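To start, the structure itself, in structure tokens.
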Protein chains: 2
Amino acid sequence: MAATIRDVARLAGVSPSTVSRAISLPGMVNATTRARVTAAVEQLGYEPNRAARGLITGRTGTIGLVVPDLANPFFASITKGVQARARQHDVAVFVADTDEDPAAEAGLVRALSKQVDGIVLCSPRATDDELTAIAQDTTVVLVNRTAEGILGITYDNEDGMRQAVAHLVALGHRRIAWVGGPATSWSTQHRGLGLRNAVEELRARLVPVGNFAPTYEGGMAAADQVLATRATAVVAYNDLVAIGLLARLHARGISVPGDLSVVGVDDITMSRMARPALTTVRLPKQEAGRIAVELLLAMLDDPESSVGTQGTLHGELIVRDSTGPAPYNRKVP
Amino acid sequence: MAATIRDVARLAGVSPSTVSRAISLPGMVNATTRARVTAAVEQLGYEPNRAARGLITGRTGTIGLVVPDLANPFFASITKGVQARARQHDVAVFVADTDEDPAAEAGLVRALSKQVDGIVLCSPRATDDELTAIAQDTTVVLVNRTAEGILGITYDNEDGMRQAVAHLVALGHRRIAWVGGPATSWSTQHRGLGLRNAVEELRARLVPVGNFAPTYEGGMAAADQVLATRATAVVAYNDLVAIGLLARLHARGISVPGDLSVVGVDDITMSRMARPALTTVRLPKQEAGRIAVELLLAMLDDPESSVGTQGTLHGELIVRDSTGPAPYNRKVP
DNA sequence: GTCGAGTCTGCAATCGGTTGCAGGTCGTGT
DNA sequence: ACACGACCTGCAACCGATTGCAGACTCGAC
């Protein structure tokens, strides 16, 4: 059906090898024959068959992306970034959704690894050991977490949390609640750490209220416990949780930010549509996806380079309407 | 590096052809040799190289998915459905995001079509002619729209709109505004049509307020025009638009559903988190993705069958808090 | 005139599977 | 004992590209 390299060769009056070289090593062939070849390519609308090329070169020109949940806007944005940058490099992206099932993940990665040159992996829950096992026989770039000896791109959670705390302290808050995500999640650990450092530095108190699902429901579940802490502000694991908090607080008749200020993390689309619009630490999600692709492709080009081994992106506090001055009557010295 | 069919053959003491058949045509090989082969496969962790197989069979075992915007929760859900069902069939999915640029689309599809067996295409804006041109040389399944002679899966918009109108009429609404999406969009046209039929049948009035971007901003922009119609209820093109309406109405001090009832379409995750929680026509999005894959694979297996040529899915009205009885003082005879 | 260097170009092997065809073995019927 | 079919298995060609190697040709220098 489609034109093969032989068709092009015949039309151009050269051998297939010459066509191949004219395309991938233009310097090696005479300018006039190269012109004949490109004309023939043009005329037939020839595109090299990737499977055939991959067979001999061992490279498929394809990368895999594994995410916990495509419907989660955070991962959707990362996917978008990965996809856009990969296309610029003429690399196709296989997308796989593990449906939040860390157990399925390893199998999926293994299956995928046979078909791709490398994998971009968003795996907040997997253990370091699982990840190093995976990275053994596949080139992997981690997004939003680190693991010993594996390439990755992460956010500077410590700095992001410092920005949030500084904002709250400036508003007069001294007692700040923290709604963590899953205890095993890399982000939960680092955000908690950053928060502890920041409150210490800025002379405030941090009141952790435990670990919750990183979802709207998780936020709803956490809200009453947050109120019980008598904190005047709360930092949520992510925006989904913060929006859940907002909903339950509204139902309880608590005014945000009048009685309680709420800060999220991520800045998903939904956040500016929340009521009140959510103050949050914006994480450059598409950028993370783009950089992950760059790291992966660089690693594939030159496995020795261990390029940078690790990228870090900074968050940016976006102040909206869910944070305000601490209420006098609840302030705690 | 990885085991080849020859390694397996050597270990099992048979020829590569026998290994190949033991895997893909088990009935053709003797049970005992088949056992030896599968044991060897197991031991070596052998997986057939897809590129090599694709070269000879002409099938890549891969499908493409083209969507306007992965960050749009509607398309994210469809992607999720496609991806899940494809995996069940051991088919990989290339995902491409056109970034809402219909012009880029044709090129993308063409590039993709060389690498996949078929394509699932979400293309609300493309013209019928463009689509038929694309379907000329690639197997395509359309999602959420139809085009002459092309396989597709759509929603029964007429029925969905009838449900919404019936609900509103039962609440006493007689004058219903309609905020349309992009004029060229297939869904806008069919929803508008369904709405006109429904109001006629149910003895209400429909007041179209024009075409807006299918976004939160689109809804914000439409809100004041909706109020000017003196309608007591409004149906929005989709949930994003409805949520935009909600935001602007709140800013204007309009009570929903006290003064005005709002209905969306899609039921994206965000909708139940809106304030008030949004009444909407739920479209089974993942289901659409799954069915699209089934249609595509069936078509690829037997191109003659023209299987069904068209699937239709029904929406379901989800009543939440954004709809209520029509206010007496605004009711119009 | 010969030689050497430099520059293309073609031959043929190769990647890892699949499949048409031929051949071998075995059992059964006559 | 022979023929025949059924059932398996192996040989070898093939899919469409890439690439090491060698041959051809040009040009300049000695």
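Just so it is clear, the structure is predicted and the values come from calculations on it, not from any experiment. Each chain gets a letter, A, B and so on, in the order the sequences are listed, and its residues count up from 1.
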- Item | Check against salt bridge (charged side-chain N to carboxylate O under 4.0 Å, His left out), B:Lys114 and B:Asp137 | CA-CA 10 Å; B:Lys114 310 281 180 181; B:Asp137 35 38; over 6 Å; no
- Partner set under side chain to side chain contact (heavy atoms under 4.5 Å, CB included) for B:Thr4, not counting sequence neighbours: B:Arg6, B:Asp7
- Task: Identify which one of B:Val143, B:Leu142, B:Asn144 satisfies the side-chain contact (heavy atoms from CB on, under 4.5 Å) criterion when paired with B:Leu121.
- Result: B:Leu142
- So do B:Leu65 and B:Gln83 actually touch side chain to side chain, heavy atoms under 4.5 Å? no
- What residues in residues 8-35 of chain B put a non-hydrogen atom under 4.0 Å from any atom of DNA chain D? B:Val14, B:Ser15, B:Ser17, B:Thr18, B:Arg21, B:Met28, B:Val29, B:Asn30, B:Thr33
- Item | Heavy-atom closest contact (A:Val29 atom, A:Thr18 atom, distance) | CG1-O, 4.4 Å
- Item | Segment of DNA chain C, first to last nucleotide, that comes within the 4.0 Å heavy-atom reach of chain B | C:dG16 to C:dG20
- Query: Does a donor on one side chain sit under 3.5 Å from an acceptor on the other, for A:Thr60 and A:Asp117?
  - Reply: yes
- Assess whether side-chain contact (heavy atoms from CB on, under 4.5 Å) is satisfied between A:Leu11 and A:Leu44, documenting all intermediate values. CA-CA 9 Å; A:Leu11 182 59; A:Leu44 296 174; 3.9 Å; yes
- Query: Hey, are the side chains of B:Arg290 and B:Glu287 touching, using non-hydrogen atoms and a 4.5 Å cut-off?
  - Reply: yes
- Roughly how bent is the helix from C:dG1-D:dC30 to C:dT30-D:dA1 end to end, in steps of 10 degrees, with each end axis from five pairs? 60°
- Message: Using a 4.0 Å cut-off on heavy atoms, which residues in residues 37-64 of chain A reach DNA chain C? List them by number, or say none.
- Response: A:Leu55, A:Ile56
- Message: Do A:Leu131 and A:Arg145 make a side-chain contact, defined as non-hydrogen atoms from C-beta onward lying under 4.5 Å apart?
- Response: yes
- Any side-chain heavy-atom pair of B:Asp69 and B:Phe74 under 4.5 Å: no
- Task: Mind checking side chain to side chain donor-acceptor pair (under 3.5 Å) for B:Thr79 and listing every partner two or more places apart, or none if nothing turns up?
- Result: none
- Note on the structure: On a heavy-atom basis, the closest approach of A:Thr146 and A:Asp128 is O-OD1, 4.1 Å
